[in-house]
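The structure appears right after this line, and notes come after that.
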Amino acid sequence: MTTIEETLVLVKPDGVARGLTGEILRRIEAKGYSLVDIRLVEADRDLLAAHYAEHEGKPFYAPLIEFMESGPTVAIRLAGNRVIEGFRSLAGTTDPTTAAPGTIRGDLGRDWGAKVQQNLVHGSDSTESAERELALWFR
Ligand code: IDP
Ligand code: MG
């Protein structure tokens with residue numbers, strides 16, 4: 001079955017600040033996914049509150065919003081069969097210390113001792129999240 005999906009990928013402010021946008025795009029393109037749209041965004045509080053609504057009330061929520069406001073983010077609309085699952089696999093697990101080597105977070109990320117994990121990228125986790133998040137970042 002061929003169902004071409006789209007997902008939202010973010011290169012978070014740590015990835016942009018560390019000059020890793022190109023390396024992250026290289027990995028995405030080398031995997032074979034298609035860039036549909038890309039933009040540099042200075043995310044404001046309303047956008048971030050909507051994007052991370054599921055995490056409101058968690059101990060890392062306020063540090064997460066502050067981190068995401070700390071600099072520009074690169075937002076990418078990415079397409080391909082099973083791209084949602086495929087990009088999450090490329091990204092690796094949430095904690096960069098234990099994310100598998102070979103993944104973006106495992107190869108390029110580390111713990112910096114902050115209250116929130118600075119793990120370089122975001123990828124939508126379901127078709128519902130992708131649709132919702134793409135509408136927020138590419139309105
Ligand atoms: P994901 O980005 O791997 O989907 P989520 O659980 O959706 O992970 O969390 C959103 C973001 O919040 C993570 O990418 C990370 O930056 C941060 N985060 C999640 N869980 C923790 C935690 O337990 N401690 C610190 N930061 C966290
Ligand atoms: Mg998530």
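One-based numbering, in listed order, for ligands and for the atoms of each. Basis for what follows: all heavy atoms, side chains included, without hydrogens, waters or symmetry-related copies.
- Applying the 6.0 Å contact sphere to CZ of Arg110 captures more than 12 heavy atoms from other residues, nucleotides or ligands.
- Within the 3.5 Å criterion, the main-chain N or O of Pro96 finds no donor-acceptor partner in the side chain of Asn119.
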| Intermediate values then yes/no, side-chain contact (heavy atoms from CB on, under 4.5 Å), Trp137 and His51 | CA-CA 9 Å; Trp137 292 82; His51 177 77; 3.1 Å; yes
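- If you number the atoms of ligand 1 from 1 as listed, the ones under 4.0 Å from a heavy atom of Lys115 come out as 25 (C).
- With a heavy-atom cut-off of 4.0 Å, Lys12 touches ligand 1 through its side chain alone.
- What you find for Ile84 and Ala130 is that their closest heavy atoms are CD1-CB, 4.0 Å.
- With a heavy-atom cut-off of 4.0 Å, Asp95 does not touch ligand 1 at all.
- Applying the 6.0 Å contact sphere to NZ of Lys58 captures more than 12 heavy atoms from other residues, nucleotides or ligands.
- The shortest N/O to N/O separation between Arg88 and ligand 1 falls below 3.5 Å.
- Checking side-chain atoms of Arg88 against main-chain N and O of Gly123 turns up a donor-acceptor pair under 3.5 Å.
- Looking from atom 1 (P) of ligand 1 to the surrounding protein, the closest heavy atom is Thr94 OG1, 3.6 Å.
- At a 4.0 Å heavy-atom cut-off, ligand 1 touches Leu64 through the side chain alone.
- Closest to atom 24 (N) of ligand 1, if we only count protein heavy atoms, is Phe60 CD2, 4.0 Å.
- For the pair Arg18 (side chain) and Leu120 (backbone), a donor-acceptor distance under 3.5 Å is absent.
- Distances shorter than 4.0 angstrom do not occur between any heavy atom of Asp125 and any atom of ligand 1.
- Residue contacts with ligand 1: Arg105 is placed with a nitrogen or oxygen under 3.5 Å of a nitrogen or oxygen of the ligand (distance criterion only).
- Counting only heavy atoms of the protein, atom 9 (O) of ligand 1 lies nearest to His55 NE2, 3.3 Å.
- Between Gln117 and ligand 1, at least one pair of N/O atoms sits closer than 3.5 Å.
- When atom types are taken as modelled, the side chain of Gln118 and the backbone of Asp14 share no donor-acceptor pair closer than 3.5 angstrom.
- Of all protein heavy atoms, the one closest to atom 17 (C) of ligand 1 is Val116 CG2, 3.8 Å.
- Taking a 4.0 Å cut-off on heavy atoms, Met68 fails to register as neighbouring ligand 1.
- Applying the ring pair (Phe, Tyr, Trp, His ring centres under 6.0 Å) test to Tyr61 and every residue at least two apart in sequence or in another chain returns nothing.
- Numbered from 1 in the order shown, with element, the atoms of ligand 1 that lie under 4.0 Å from a heavy atom of Asn119 read 13 (C), 14 (O), 15 (C), 16 (O).
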